[in-house]
Amino acid sequence: MKKKILVTGGAGYIGSHVIKALGEKGYEILIYDNLSTGYKELVLYGELVIGDIADITVFDRVIEDFKPDAVMHFAASIQVHESVLNPLKYYRNNTINTLNLVELLLKKKIRHFIFSSTAAVYGTPESTEPVSELSLLKPINPYGASKMAVEYMLKDLSPVEKDFNYISLRYFNVAGADQEGRIGQKYHEATHLITRCLKAAKAEISRLEIYGTDYSTPDGTCIRDYIHVDDIAEAHIVALEYLFKKSINDIFNCGYGHGYSVREVVKTAKEVTGVDFPVEEAGRRAGDPPYLVADNTKIREELGWKPKHDDLSYIVKTAWNWEKKL
Ligand code: UDP
């Protein structure tokens, strides 16, 4: 019997790549997405039900009909800047909606849950070492705090709900697109570095601004751990398969364990696109930590995750391939 997976937010960027991976593995999939930031055409497998997780009675019916073996929960608000301006939206969409969803799963006796968390829970790490799952959690914006609150909630729940098991995955800087160019990131407003480089290469924006060149890093710009979206998708598959075998409640970083500076990303983007787009050195963007790199030992050793695309050029190439089609 094929296992049934219900995926909230499966029409979004990361969710749609996970749907692709689940579909290729033969899972039966139902996607629940309100299409606020998702797109029907990104859904390559499964059935899409358009709905909001805030609409808990509809969601209840969907779960009742589909009877999933596991739920993967991507539906969330994810813009750091917006979270600062509208924190309640983030606590409502990310924290309260997840609480209601988890309560429903308990009621329906659905035992496996995968939660999309974020490296934003770490805030500004004090050292330049990669952060491990045991590093201090100190989010510096409502987005990170709204996700951390769920992590705490799940952790507090586990001793009392022994039949309910979850894995939270903390994503670092997810980028890139499907190798065949079928799916990738679509957005209302592009804020991420790689995407903005590509927009500059397409002359959709006049220049790429580097936010801060006076950080205490080798070239003065911030360092991030960029991970290809298909490797993130694969992390969900190994997490899911592990949950089906073992009753664990745990948290794993998803990153490659090394980072690139903004200048290095810009250089790679120029090489990949062949466009010497204009770059301007600008002031720091509020809330950017100088270093944010994952210690990924735990997910590799405990879940057996093996990344396949740890290559910045490949990440940018697949993103460029997709971007040109938009
Ligand atoms: N960044 C930049 N110019 C841009 C967009 C981002 O210099 O147009 C920098 C940003 O300050 C950070 C890094 O690129 O140091 C990654 O930012 P992004 O928004 O992609 O991801 P974040 O790490 O904030 O989640």
Side-chain angles (χ1 to χ4, degrees), residues 4-23 27-68 70-83 85-105 107-108 110 113-118 120 142-147 149-150 153 166 168-169 171 174 177-178 182-192 195 229 232-233 236 326:
K4 295 185 187 181
I5 318 296
L6 192 148
V7 183
T8 76
Y13 171 50
I14 299 176
S16 63
H17 286 79
V18 173
I19 296 294
K20 177 182 73 166
L22 287 169
Y27 285 100
E28 189 175 338
I29 310 159
L30 189 102
I31 298 115
Y32 190 74
D33 197 304
N34 66 3
L35 300 183
S36 62
T37 54
Y39 297 85
K40 276 197 212 83
E41 58 274 21
L42 297 183
V43 176
L44 299 181
Y45 291 88
E47 186 196 337
L48 170 67
V49 173
I50 299 170
D52 199 311
I53 44 161
D55 208 339
I56 206 76
T57 39
V58 175
F59 194 49
D60 187 323
R61 250 194 344 264
V62 168
I63 290 195
E64 190 56 45
D65 292 345
F66 186 60
K67 300 196 176 18
V71 171
M72 291 184 169
H73 179 40
F74 296 92
S77 297
I78 58 161
Q79 296 287 342
V80 169
H81 181 63
E82 184 192 45
S83 82
L85 300 175
N86 192 353
L88 295 186
K89 173 174 174 184
Y90 280 70
Y91 286 102
R92 185 179 308 108
N93 288 353
N94 297 354
T95 314
I96 296 180
N97 284 352
T98 308
L99 182 154
N100 290 334
L101 187 159
V102 167
E103 209 164 38
L104 189 62
L105 301 188
K107 195 172 97 189
K108 305 275 178 195
I110 291 155
F113 183 59
I114 299 207
F115 177 64
S116 298
S117 190
T118 167
Y143 167 61
S146 69
K147 291 280 185 176
V150 173
M153 179 184 88
Y166 73 89
S168 290
L169 296 174
Y171 310 153
V174 187
D178 174 50
R182 292 167 295 174
I183 54 175
Q185 190 162 25
K186 280 182 126 182
Y187 29 70
H188 300 296
E189 192 198 352
T191 61
H192 290 303
T195 312
V229 64
I232 281 277
H236 288 76
L326 290 180

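On a predicted model such as this, the values are computed, not experimentally measured, just so you know. Heavy-atom basis, side chains included; hydrogens, waters and symmetry copies ignored. Start at 1 with the first residue, then count along the sequence.
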Chemist: For E47, look at atom CD and say whether over 12 heavy atoms of other residues, nucleotides or ligands are found less than 6.0 Å away.
Modeler: no

Chemist: Just so I know, are the side chains of L105 and I63 near enough to count as touching, which here means a heavy-atom distance under 4.5 Å?
Modeler: yes

Chemist: Between K4 and F66 (side chain of the first, backbone of the second, donor and acceptor by atom type, cut-off under 3.5 Å), is there such a pair?
Modeler: yes

Chemist: Is V229 close to Q185 at the side-chain level, that is, under 4.5 Å between some pair of heavy atoms?
Modeler: no

Chemist: For a 4.5 angstrom cut-off between non-hydrogen side-chain atoms, does H17 reach V174?
Modeler: no

Chemist: Using the ring centroid of each side chain, check whether F74 and H236 are separated by less than 6.0 Å.
Modeler: yes

Chemist: Pick out which of T118, T95, T98 makes a side-chain contact (heavy atoms from CB on, under 4.5 Å) with S146.
Modeler: T95

Chemist: Just checking, is any N or O donor in the side chain of Q79 or Y90 under 3.5 Å from an acceptor N or O on the other one?
Modeler: no

Chemist: Are K108 and D60 close enough for a salt bridge, meaning some N to O gap below 4.0 Å?
Modeler: yes

Chemist: Considering only heavy atoms from C-beta outward, does the side chain of T191 approach that of H81 to under 4.5 Å?
Modeler: no

Chemist: Under a 4.5 Å cut-off applied to non-hydrogen side-chain atoms, are I50 and K40 in contact?
Modeler: yes

Chemist: Between Y91 and P142, is any pair of side-chain heavy atoms under 4.5 Å apart?
Modeler: yes

Chemist: Between Y45 and I29, what is the shortest heavy-atom contact and its length?
Modeler: CB-CD1, 3.9 Å

Chemist: Taking side chain as C-beta onward, heavy atoms only, is Y32 less than 4.5 Å from V58?
Modeler: yes

Chemist: Give a yes or no on whether the backbone of A54 and the side-chain of N100 come within a donor-acceptor separation of less than 3.5 Å.
Modeler: no

Chemist: For a side chain to side chain contact (heavy atoms under 4.5 Å, CB included) check, start with the C-alpha distance between I56 and E103, then their side-chain angles and the critical distance, and finish with the verdict.
Modeler: CA-CA 10 Å; I56 206 76; E103 209 164 38; over 6 Å; no

Chemist: Taking the six-membered ring for Trp, are F113 and F115 parallel (under 30°), tilted (30 to 60°) or perpendicular (over 60°)?
Modeler: parallel

Chemist: Got L326 and K186 here, is their nearest side-chain heavy-atom distance under 4.5 Å?
Modeler: yes

